[in-house]
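What follows is a single structure, written as C-alpha cells, with notes after it.
Whatever order the structure lists ligands and atoms in, that order sets their numbers, starting from 1.
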Amino acid sequence: MKLPPRKILLNPGPATTSDTVKLSQIVSDICPREVEFELLMNSIRINLLDLVNASSEIYSSVLFSGSGTLVMDSLISSLVPENKKILLLNNGAYTQRAVDICSYYGISYIDLKMPYNEPINLDLFQKTLNDDPDISVVYTTHHETGSGLLNPINEISKITFFKSVIFIVDTISSFAMIPLDLSENKIDFIMSSSQKGISAMAGMAFVIGKTELIEKSSAHIKKSYYSNLYRQYSHFLNFNQMHFTPPVQTLYSVKQALFEIKNEGLVNKFKRHNDSFNLLEQRLVKLGFKFYIERKYNAGLLLSILYPQDENWTFESIHDYCYAHGFTIYPGKINENTFRLSVFGDIKHNDIDNFMNCFESGLDSIGVQIPIIY
Ligand SMILES: *Cc1c(COP(=O)(O)O)cnc(C)c1O
C-alpha cells in the first residue's frame with residue numbers, strides 16, 4: 001500500500017501523525033465487545049496513568065468516544081453537586097467554553113474573568129475562593145490553546161488543597177507534551193483527547209481523576225446520559241468496556257502513538273516541541289512579527305501572531321499559499337487580527353525550517369513588506 005503524501009499541520013490539533021500511527025489503524029475488523037479489545041483499552045488506560053505518574057490506587061482513567069469538549073462536558077456536568085458552585089478561572093477561550101457548558105446545564109458558576117494575556121491572578125483567586133463557601137469545584141485550563149498562555153496549575157492546586165474543593169484542569173493541549181506529575185501536585189482531575197499531544201487520530205477523549213471523587217459523584221443528579229462520568233467509569237469497572245460504541249480504529253492508533261511516546265520519552269518529546277517552537281519564533285521575529293502573549297507567559301507550544309498592518313496582507317491568501325504547499329496554518333481565536341501556529345504532533349526542526357521557507361516565499365508572492373509593518 002502506498003502512503004499518502006506527508007502534510008504538516010500547524011493548527012493546534014488534530015496534530016500531524018507519524019506514518020506508523022496512520023498505518024496502525026489498518027486492522028482486521030473486530031467487534032469491540034471481544035476480550036481482545038477489552039485488553040487493548042485496558043492497556044491504553046494504564047499507559048495514560050503512567051504518562052502523568054498517577055497511581056492506579058488513587059486515580060482512574062476513563063475513556064470516551066468524542067473530542068476534547070466531550071470530556072469537559074462530562075466533568076462539568078458530573079462533578080458539581082446541586083446547591084453548590086463551580087469557580088471558573090477564566091483567562092482564555094477554552095475556559096470560556098467551560099462557562100458556556102455551565103450555562104447550558106444550568107449549573108451555578110462564578111466566571112472569574114481575567115485578562116487573556118496574563119496567567120491567573122492567584123491573589124484574586126484565593127480571595128474569591130475564601131469569600132464563598134458554596135464553591136465546591138475549581139476549574140481552569142493549563143495551556144490556553146486560543147493564545148499559547150501557560151497557567152500556574154501547581155500554585156492553584158496548592159491553594160485548592162486547603163479547601164474541600166475539587167480541582168479540575170483542562171490539560172487537553174498540554175497532556176503528553178508538558179511533563180506533569182500527579183504524584184507531586186494536588187490536582188484532582190485532568191483530561192485530554194487522542195488527537196493533540198498524544199498525536200493519534202481524532203475520536204477518543206479521556207479523563208484521569210481521583211477514583212474516590214468519581215464514586216462520590218454517583219450521588220449527584222445526572223445531567224447527561226451520554227457523558228456522565230460515573231456511568232462510563234462504572235461500565236469500565238464492571239465490563240472493561242465503554243458504555244457505547246468506541247471509535248475502534250482510533251484506539252489502535254492511540255495504542256501505537258503511546259508506544260512511540262514511550263520510546264521517545266516525555267522529556268525528549270517536550271524538548272523536541274520546544275526546539276520547533278523556538279525556531280518558529282526566531283524566524284518570525286527575524287521577519288518582524290509580533291505576538292499576543294509575552295514569551296515569559298507562553299507555554300512554548302503555540303504562537304498567537306498579530307496581523308501585519310500591510311495592505312497586501314490577508315490571512316486567507318497566506319493560508320492558501322501554504323496549504324497548496326502542504327502546510328496548514330490556523331486562524332486566531334483571541335480576536336480577528338491574529339493567526340496561530342503550533343508545534344503539536346510529529347513535527348521536527350526540519351519541518352519548521354521547510355515551513356518557514358514556504359511562509360517567506362508566500363509573503364513575498366502576495367507582496368507583504370519585510371520587515372513586517374505594524
Ligand atoms: C482542543 C481543545 C479542547 C477541545 O476541543 P475539541 O474541538 O472538542 O477538540 C478543549 N480545551 C483545550 C485547551 C483544547 O486545546
If hydrophobic clusters are built from ILVMFWY residues whose side chains come within less than 4.5 Å, do F206 and L266 share one?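 Yes; L266 is reachable from F206 via cluster members.
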Any side-chain heavy-atom pair of [X] and [Y] under 4.5 Å:
| X | Y | answer |
| --- | --- | --- |
| I372 | W313 | no |
| F244 | F64 | no |
| N47 | L51 | no |

Heavy-atom cut-off of under 4.0 Å around ligand 1: list whichever protein residues fall inside it, by chain and number. S67, G68, T69, M72, Y94, R97, T141, H143, T145, D170, I172, S173, Q195, K196
Report the residues that fulfil side chain to side chain contact (heavy atoms under 4.5 Å, CB included) with S61, sequence neighbours left out, ordered by chain and then residue number. R45, L49, I208
For the pair H235 and F239, name the ring-plane relationship: parallel under 30°, tilted 30 to 60°, perpendicular over 60°. tilted
